[in-house]
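First the structure, in the form of C-alpha cells, and then the observations on it.
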Amino acid sequence: MGSRIDKSINLAQSNIKSSKLNTTQKGVVGEYQCIVDFTKKGYWVAKSCDPQCPFDLVLVSPSGKIELVDIKTNTYRKNVKSYRRKIWRVPTPKQKKLGIKIIMVDHGNKIWKI
C-alpha cells in the first residue's frame with residue numbers, strides 16, 4: 001500500500017501533456033534565442049511590448065546603427081511526404097516601408113537572415 005504522497009504524484013503525472021511545443025511557444029523561444037545571440041555579438045537589444053507592433057526587436061550595434069527586426073520561426077508543410085518543404089515568410093507592406101528586416105529562426109538551431 002502506497003503513501004498518500006505517491007498517489008498525488010501519480011495523479012499529477014497523469015495530467016502531464018506531450019513535451020511538444022505549440023507554435024506560440026516556439027516563437028517565444030526563437031525570439032529569446034535571437035536576443036541571446038545578438039547580445040553575445042555585442043548588440044544592445046530591446047524587445048517590443050506591443051503585440052501589434054510590426055517588429056519584435058530593436059538592435060543597436062556597438063557602432064550605434066539601429067535595426068528593427070521581426071523574428072519568424074521556420075515552419076514546414078506537413079502534407080509533403082518525400083521532403084520537408086519550408087513555408088517562406090515575406091515582409092508586410094508596412095514592414096517594407098519601415099525597413100524592418102525578417103530573421104528566420106530554426107527551432108533549436110542557429111539563426112540566419114533573409
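Because only heavy atoms are used, hydrogens play no part in the values below, and waters and symmetry mates are left out as well, while side chains stay in.
Looking at Val105 and Lys72, their side chains never come closer than 4.5 Å, going by heavy atoms from C-beta outward.
Atom NZ of Lys94 sits about 12.5 Å away from atom CG of Asp70, to the nearest 0.5 Å. Once rounded to the nearest 0.5 Å, the distance linking OG of Ser63 with OH of Tyr43 reads 7.5 Å. Annotation: the span from Tyr32 atom OH to Leu57 atom CG amounts to 9.5 Å, rounded to 0.5 Å. Atom NZ of Lys101 is separated from atom CG of Leu59 by 9.0 Å, given to the nearest 0.5 angstrom.
No path of Ile, Leu, Val, Met, Phe, Trp and Tyr side chains, each step under 4.5 Å between heavy atoms, connects Val36 with Val69, placing them in separate hydrophobic clusters.
Listed by chain and number, the hydrophobic cluster partners of Ile100 are Trp44, Phe55, Val58, Val60, Ile66, Leu68, Leu98, where partners are ILVMFWY side chains within reach of under 4.5 Å, directly or through others.
Lys96 pairs by the side chain to side chain contact (heavy atoms under 4.5 Å, CB included) definition with Pro91, not counting sequence neighbours.
The two atoms that bring Lys26 and Thr73 nearest to each other are O-OG1, 3.6 Å, heavy atoms only. Counting all heavy atoms, side chain and backbone alike, Ile71 lies closest to Cys34 at CD1-SG, 3.7 Å. Closest non-hydrogen pair, Pro62 versus Gly42, comes out as CG-O, 3.3 Å.
Side-chain atoms of Gln95 come within 3.5 Å of backbone N or O of Pro54 as a donor-acceptor pair. Side-chain atoms of Glu31 never come within 3.5 Å of backbone atoms of Val28 as a donor-acceptor pair (strictly under, hydrogens ignored).
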